[in-house]
*Asks:* 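The structure under discussion is supplied below as structure tokens; questions concerning it will follow.
Given the structure is predicted, the values throughout are model-derived calculations rather than measurements.
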Amino acid sequence: ILEFHNYDWPNLELLNSIYRARHASAMNEFLRLGTPFTIIDSTIVQPYPFSARDWPITINQTGQTRQVKLKQYLLDAERGAWIIDPNFSSVVLLLHMDGTDASTTFTDSSSSAKTVTAHGNAQIDTAQSKFGGASALFDGTGDYIDFPLTSSDFNFGTGDFTIEFWYRKSASAANGTYTRLIQFRDGDQFSSVSLADAGAAGQITVAYSSNGTSWDIGSADNLGTVALNTWYHLAVCRSSTNIRTFFNGAVAHTQSTSAALFYNSADVGIIGGQSTPNRTITGWIDDFRITKGVARYTAAFSVPTAAFP
């Protein structure tokens, strides 16, 4: 029997009520939660241990019935505890890159699911992953995935945000040839945020624009060297007037600015490359997440050890 203690529930006021959840492996788990409510249906049909991203739980709280998605929770098998992402409602894009091998379907698991389109030979690959048994594969020629920026979710302005993902490359472009990891315009244009791999040197670069016509906010090279066939966690995070780039949890660069980042709702967000000229990575991207309004990291941190909840 697993008992869930106060430290298992960050940012929740804990009371004495304990309610039981059931799943198919017949293990009893007790959830110690905040405001008293009655669990109506919490049956989970996947064997333990599991990542509960997609199963709904119906609860009756203070007389009102509402649905809570268990995708906000992740079972931490080492501690035997449920972990909640207190900022899940601020997640505007969440791509686990999971699915059937060679599939071109990329599912946004955020609470406001966006349409994500694969181009070229971009596809799900079950031969390589950081978490979840699959990742997005890009073959170096014309591959990328994109999503529309019509939603104001991607108008960061002067507000806080966090962009993060895992990157592993199997080959490098020619020295000096930049391959795109993430940007918010197609082609060789000036984007609000652009994160790239500098090619054979294997150096991560970042650049920011407020006007869409230049890197007027700033840019930086040599943020970290990426070796072949190794997973790296990369993150860009704005907190007030500081935009920090993180390389495997370490602060690699800090850009100070009070400017609003460039935004055009007619543009697209692009992962792994661009349409023209070819700047596609050769490798994989996994567990890609954008959080708007939250600076998840403001100093060095330990990189995630499990998929984002």
*Asks:* Checking ring-ring contact (aromatic ring centres under 6.0 Å, His included) between F156 and each of F262, Y208, F184, Y263, which is the one that passes?
*Replies:* F184
*Asks:* Can you get from L234 to V91 by hopping between Ile, Leu, Val, Met, Phe, Trp and Tyr side chains that sit under 4.5 Å apart?
*Replies:* no
*Asks:* Indicate yes or no: at least one non-hydrogen side-chain atom of V303 is less than 4.5 angstrom from one of W166.
*Replies:* yes
*Asks:* Assess the side chains of Q203 and N222: does a donor N or O sit below 3.5 Å from an acceptor N or O?
*Replies:* yes
*Asks:* Do D143 and T280 have side-chain N/O donor and acceptor atoms under 3.5 Å apart?
*Replies:* no
*Asks:* Would you check if there is a donor-acceptor pair between the side chains of S239 and D160 at a distance under 3.5 Å?
*Replies:* no
*Asks:* Charged N to carboxylate O under 4.0 angstrom, R180 versus D197?
*Replies:* no
*Asks:* So if you build clusters from Ile, Leu, Val, Met, Phe, Trp, Tyr with side-chain heavy-atom gaps below 4.5 Å, do I204 and Y232 land together?
*Replies:* yes
*Asks:* Please confirm whether the backbone N or O of S209 pairs with a side-chain atom of D216, one donor and one acceptor, at under 3.5 Å?
*Replies:* no
*Asks:* Restricting to side-chain contact (heavy atoms from CB on, under 4.5 Å), what partner residues turn up for S103, sequence neighbours left out?
*Replies:* T100, T105, I124
*Asks:* Rounded to the nearest 0.5 Å, what separates atom CD in Q183 from atom CD in Q274?
*Replies:* 5.0 Å
*Asks:* With a 4.0 Å cut-off on N to O distance, would you call D153 and K292 a salt bridge?
*Replies:* no
*Asks:* Just so I know, are the side chains of H96 and F308 near enough to count as touching, which here means a heavy-atom distance under 4.5 Å?
*Replies:* yes
*Asks:* Taking atom types as modelled, is there a side-chain donor on R296 or T291 under 3.5 Å from an acceptor on the other?
*Replies:* yes
*Asks:* Do D85 and R289 meet the salt-bridge criterion of a basic N to acidic O distance under 4.0 Å?
*Replies:* yes
*Asks:* Is R279 paired with D188 through a side-chain N to carboxylate O contact shorter than 4.0 Å?
*Replies:* yes
*Asks:* Checking salt bridge (charged side-chain N to carboxylate O under 4.0 Å, His left out) for the pair D267/R185: CA distance, chi angles, key distance, verdict?
*Replies:* CA-CA 5 Å; D267 287 329; R185 300 185 84 182; 3.2 Å; yes
